[in-house]
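Contents: one structure, followed by commentary.
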Amino acid sequence: MKERKNGLFSVMSRIEGMSNQFTKTDWKIVQYMKENMQEFVSCSAQDLATQIGVSDASVIRFAQKVGFSGLNEFRYILQSELERENTIINQNSYTSLMHDYNTLTETLFKFTKPEYVDLLRKKMLKARRIFIAGVDSNKNIVELAVHKFMFLGLDVRAITTYDTLKLFANLATKDDLFIVITLSGARQLLADALGRIVQNDSYLVVISNYERSLCSAYADLTFLIPKTNLLENHDTITREIFILMLFDIIFLNVLKEDEASYEAFQKIAPFSRENQKDNDSY
């Protein structure tokens with residue numbers, strides 16, 4: 001197999017491959033980026049707009065057009081690629097994969113605002129019922145997340161089909177909280193169910209790759225998962241890992257900040273660890 005280049009391979013290849021979709025404004029941004037890469041990754045949207053001679057909205061739209069949630073994610077990936085190009089030479093495939101995982105992990109923690117996690121904890125503790133929903137490839141994630149939060153004594157329920165989601169969306173109340181996983185955020189069927197949840201005054205949290213999408217438009221709170229498609233090992237990386245990482249962050253926050261949840265976990269944790277030992281012995 002022909003060896004692929006390191007560095008800006010994935011980002012620049014994506015940009016070159018989309019060249020027929022660019023406007024004159026887009027081309028001005030591309031040209032500036034190629035000639036002033038360090039300035040591009042360090043300046044604000046407003047400063048870039050002034051230097052390039054376009055609007056700051058045009059800069060942000062360009063970042064979204066080439067596959068990022070916004071300018072911050074675009075610059076962060078570019079900066080990571082630059083650092084790799086300058087510091088890693090002749091890396092093997094495992095090192096490259098580790099670098100991509102590190103990049104995504106750092107991006108996830110950067111995207112996950114502490115104040116959002118705190119707010120979600122408070123909403124979860126006040127909710128009468130918590131529904132974690134995800135269909136298709138997200139079913140296993142939902143089951144793992146529900147099992148995890150049940151250890152905290154919360155009433156958490158899994159939704160893994162559209163029919164079930166539609167049912168509970170219609171029965172939702174203001175005391176319910178829904179956490180919905182939809183990375184693309186583009187399914188009309190899902191959006192219709194979320195609209196019903198909002199109409200019933202339930203609190204809605206969306207986990208997505210996109211801050212602005214058909215589904216995230218209904219959300220009270222949106223958590224972003226970094227996209228993998230522009231990384232060198234995008235066809236190898238398991239995206240679901242980063243959704244589970246986000247649930248770990250939320251779980252830790254509840255465990256550390258709520259005494260009742262901590263006590264509930266302490267009662268069940270020894271039993272859980274003992275079961276794990278039994279499973280490991282087979």
Side-chain angles (χ1 to χ4, degrees), residues 101 104-105 108-109 111-112 116-169 171-173 175-183 190 193-194 197 202-209 215 219-226 237-282:
Y101 266 109
L104 290 168
T105 301
L108 174 66
F109 276 83
F111 282 175
T112 306
Y116 282 13
V117 179
D118 284 336
L119 177 58
L120 178 55
R121 179 193 77 244
K122 294 173 183 176
K123 293 294 184 180
M124 290 176 73
L125 294 175
K126 289 178 62 177
R128 180 171 63 94
R129 298 179 299 182
I130 300 169
F131 298 96
I132 301 180
V135 297
D136 301 326
S137 62
N138 297 317
K139 291 181 179 179
N140 290 336
I141 301 174
V142 169
E143 297 291 349
L144 288 169
V146 166
H147 183 71
K148 189 180 192 73
F149 283 98
M150 285 176 64
F151 282 156
L152 300 179
L154 300 174
D155 184 351
V156 190
R157 309 180 188 190
I159 297 178
T160 57
T161 68
Y162 285 114
D163 286 341
T164 307
L165 179 59
K166 183 178 179 180
L167 171 65
F168 282 108
L171 297 175
T173 72
D175 297 318
D176 293 329
L177 183 149
F178 288 78
I179 300 175
V180 179
I181 305 168
T182 169
L183 293 183
L190 182 59
L194 300 191
I197 290 170
S202 295
Y203 197 81
L204 177 61
V205 178
V206 167
I207 297 175
S208 177
N209 280 147
C215 289
D220 294 292
L221 205 58
T222 299
F223 286 93
L224 289 177
I225 300 297
I237 292 172
T238 304
R239 298 186 305 174
E240 289 76 12
I241 289 174
F242 300 96
I243 303 175
L244 291 174
M245 282 187 183
L246 175 61
F247 279 118
D248 283 346
I249 294 170
I250 298 166
F251 181 87
L252 179 64
N253 183 273
V254 178
L255 192 64
K256 295 296 184 181
E257 299 297 332
D258 183 66
E259 185 175 349
S261 297
Y262 177 78
E263 291 176 354
F265 180 71
Q266 287 300 104
K267 291 177 181 178
I268 195 68
F271 173 76
S272 176
R273 286 193 289 266
E274 195 62 36
N275 278 348
Q276 185 62 48
K277 289 179 182 178
D278 291 342
N279 292 333
D280 291 343
S281 65
Y282 287 103

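- Using a 4.0 Å cut-off between a side-chain N of Lys or Arg and a carboxylate O of Asp or Glu, D155 and R129 do not qualify as a salt bridge.
- With a 4.5 Å cut-off on side-chain heavy atoms, N209 and R239 count as touching.
- Heavy-atom minimum distance, V156 versus F149: CG2-CB, 3.8 Å.
- Remark: N138 CG to T160 OG1 distance equals 11.0 Å, nearest 0.5 Å.
- Under the 3.5 Å distance criterion, the side-chain polar atoms of T161 are matched with a main-chain donor or acceptor of T164.
- Note: T112 OG1 to I249 CD1 = 4.5 Å, rounded to the nearest 0.5 Å.
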Checklist entry - Step by step, would you call F247 with I243 a side-chain contact (heavy atoms from CB on, under 4.5 Å)? => result CA-CA 6 Å; F247 279 118; I243 303 175; 3.8 Å; yes

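- Comment: D118 engages R121 in a salt bridge, judged by a side-chain N to carboxylate O separation of less than 4.0 angstrom.
- Checking side-chain atoms of S202 against main-chain N and O of L177 turns up no donor-acceptor pair under 3.5 Å.
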Checklist entry - Taking it one step at a time, do L108 and I225 satisfy side-chain contact (heavy atoms from CB on, under 4.5 Å)? => result CA-CA 6 Å; L108 174 66; I225 300 297; 3.9 Å; yes

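- In plain terms, the two heavy atoms of L190 and Y162 that are nearest each other are CB-CE2, 4.0 Å.
- Heavy atoms only, all atoms of each residue included: Y203 and L119 are closest at OH-CD2, 3.5 Å.
- Checking side-chain atoms of S208 against main-chain N and O of L183 turns up a donor-acceptor pair under 3.5 Å.
- To the nearest 0.5 angstrom, E257 atom CD is 9.5 Å from K122 atom NZ.
- Within a 6.0 Å radius of NZ in K166, other residues, nucleotides and ligands contribute 12 heavy atoms or fewer.
- Applying the 6.0 Å contact sphere to CG of N140 captures no more than 12 heavy atoms from other residues, nucleotides or ligands.
- Looking at heavy atoms from C-beta onward, D258 lies out of side-chain contact with N253 at the 4.5 angstrom threshold.
- For F111 and F223, the gap between ring centers reaches or exceeds 6.0 Å.
- Looking at T173, its side chain does come within 3.5 Å of a backbone N or O of D175 through a donor-acceptor pair.
- Around OH of Y262, the count of heavy atoms belonging to other residues, nucleotides or ligands within 6.0 Å does not exceed 12.
- Looking at heavy atoms from C-beta onward, L144 lies out of side-chain contact with I141 at the 4.5 angstrom threshold.
- Contacts of F178 classified as ring-ring contact (aromatic ring centres under 6.0 Å, His included), with partners at least two apart in sequence or in another chain: F131.
- V142 is not listed as a side-chain neighbour of I159, based on a closest heavy-atom distance of 4.5 Å or more.
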Next on the checklist: Using the rule given for side-chain contact (heavy atoms from CB on, under 4.5 Å), can you reason through V254 versus F265, listing the C-alpha separation, both sets of side-chain angles and the distance that settles it, and then say yes or no?
Outcome noted: CA-CA 11 Å; V254 178; F265 180 71; over 6 Å; no

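- How far CG of L104 is from CD1 of I237: 5.0 Å, rounded to the nearest 0.5 Å.
- D176 and L171 get closest at one heavy-atom pair: OD2-O, 4.3 Å.
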Item to check | Derivation of the side-chain contact (heavy atoms from CB on, under 4.5 Å) call for L246 and I250 | outcome: CA-CA 6 Å; L246 175 61; I250 298 166; 4.1 Å; yes

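- The local environment of CE in M150 is sparse, with at most 12 non-hydrogen atoms from other residues, nucleotides or ligands closer than 6.0 Å.
- The two residues L255 and L152 make their nearest non-hydrogen contact at CD1-CD2, 3.7 Å.
- Considering every non-hydrogen atom in both I130 and M124, the closest pair reads CD1-O, 3.6 Å.
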